[in-house]
Amino acid sequence: MEEEPQPQVEVEVPCYFLCPISLSIMRDPVTLPTGITYDRDGIECWLLTAATCPLTKQPVPADCDPTPNHTLRRLIQSWCALHAADGVDRVHTPKPRADRAAVAALISRVHAAATATAGSSTPQPQHQQLLAALRELRDVAAESDRNRKLVAAVPGAVDVLAAVFAASANAKSLEGTASAVRDEALEVISSLQVPEQCLRRVAETNEALVSALVSALQRSSSASRARAALLLERVTAAMPPSRLVSLAEQVGRLQARDKAALHVLVRTAAWGRNRVKAVDAGAVPVLVDMLFDDGAERRACELVLAALDRLCGCAEGRAGLVAHAAGVAAVGRKALRVSEVATDKAVRVLRSVARHAATAAVVQEMAQAGVVATLCLVAQSEQYAERTRERARETLRLHARAWRTSPCLHRHLQAVYPC
């Protein structure tokens, strides 16, 4: 007869081997200044959202670097090895982690290499050193949230990375190593959780940063363009309105098909000069073409219509939309297909055109393209906000006399304005 397997004996784990957060055996025990020991992964996740010790509730400094408890880790390892036959997993010695001094030294290497590159008549060797230091810093930052916090906490780290990125992105030649330096610096700085006040200070002291980010939206790989757009959105959100006005020279070049870039365009186009610059750079045809992308996300469509609403606030923007063969039709096409926000923005655009750019040809186009019928539906539907319905009715009143003569629209207009 076969022997029946013996039931596995459940081993009682010493309570001081368990992390107070996860209640699992600690694999990398670390001690806070409060004297309480936790598993590193657990306490680092906790400190990302709370600045207190979980057990004592005492405050923990933001720059706190928990101390490894090597003695406790060795005891845990010995105990796990002793009970391996009982199904207890072994605890391996954790890999050495970057400390504050090592990260600061790495930032110093990046700064020194960047300074040497800027002052050299033959920068290729210095570029290689700079690229090597940036890649090492990228690997450190990519390892964990803890390391990214360490990098961001080093005094001057964000300034150094921003300066390196701006210098490489605005260089006349972006071939080979220089292009790689730009992308590596952008990857590191975009991965950091930089406080808003720090971004504001960096943008104020490094005026070339915004230009470099705009340039990266045009000349980088798709991954770098996405990082540049997100970072540009964060930087412009941190900048005071008075500084956004000065982006007139750059905003017209924001034609990236990215939600973050659209956010920036909507925010900066609040000022007339920026609207004109964006229109002159050809932003209107790009936005109209994006409306024909049926696979676009709802939020992206809303941002495109919001950007067109901003740009139609100037004569050049309205002229650009009317000049596009499908501009007015594209706006009307999205008015009922996306969301209430998109409908409101589309009605605002159509009202601007009907009020300020409605030639006889435009009025006829709005009727033939179904825009007037769409406005009638919005004006009658109770699913839209009253202000949106009133804008639609106002737009219809502007040219109701001309549109009433169209047999196909007479029924719609009769429903809104009975004779």
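For reference, positions follow the sequence shown, starting with 1. The shown structure was predicted, so the numbers you read here are calculated from the model rather than taken from an experiment.
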Checking the side chain of Gln77 only, and the main-chain atoms of Val91 only, is there a donor and an acceptor separated by less than 3.5 Å? yes
Expected list for residues 156-163: side-chain donor-acceptor pairs under 3.5 angstrom, two or more places apart:
unit_1, atom_1, unit_2, atom_2, d
Asp159, OD1, Arg201, NH1, 3.2
Asp159, OD1, Arg201, NH2, 3.3
Asp159, OD2, Arg201, NH1, 2.7

Can you check side chain to side chain donor-acceptor pair (under 3.5 Å) on Thr31 and Thr67, steps first, answer last? CA-CA 5 Å; Thr31 304; Thr67 304; over 6 Å; no
Side chains of Val13 and Leu18: closer than 4.5 Å at any heavy-atom pair? yes
Residues passing the side chain to side chain contact (heavy atoms under 4.5 Å, CB included) test with Ala51, sequence neighbours excluded, are none
Under the salt bridge (Lys or Arg N to Asp or Glu O under 4.0 Å) rule, collect the residues that match up with Arg135, sequence neighbours excluded. Glu184
For a quick check under 3.5 Å, do Thr52 and Gln58 share a side-chain donor-acceptor pair by atom type? no
Determine, for Arg391 against Asp344, whether the closest basic-nitrogen to carboxylate-oxygen distance falls under 4.0 angstrom. yes
What pairs with Thr56 under side chain to side chain donor-acceptor pair (under 3.5 Å), at least two apart in sequence or on another chain? none
Quick note, salt bridge (charged side-chain N to carboxylate O under 4.0 Å, His left out) partners involving residues 20-32, not counting sequence neighbours, are Asp28-Arg40, Asp28-Arg97
Applying salt bridge (charged side-chain N to carboxylate O under 4.0 Å, His left out), which residue pairs with at least one partner in residues 375-386 are found, sequence neighbours left out? Glu386-Arg389, Glu386-Arg393
Using a 6.0 Å cut-off, check whether atom CZ of Arg90 has over 12 heavy atoms from anything other than its own residue. no
Cut-off 3.5 Å, side chains only: do Thr388 and Glu340 have a donor facing an acceptor? no
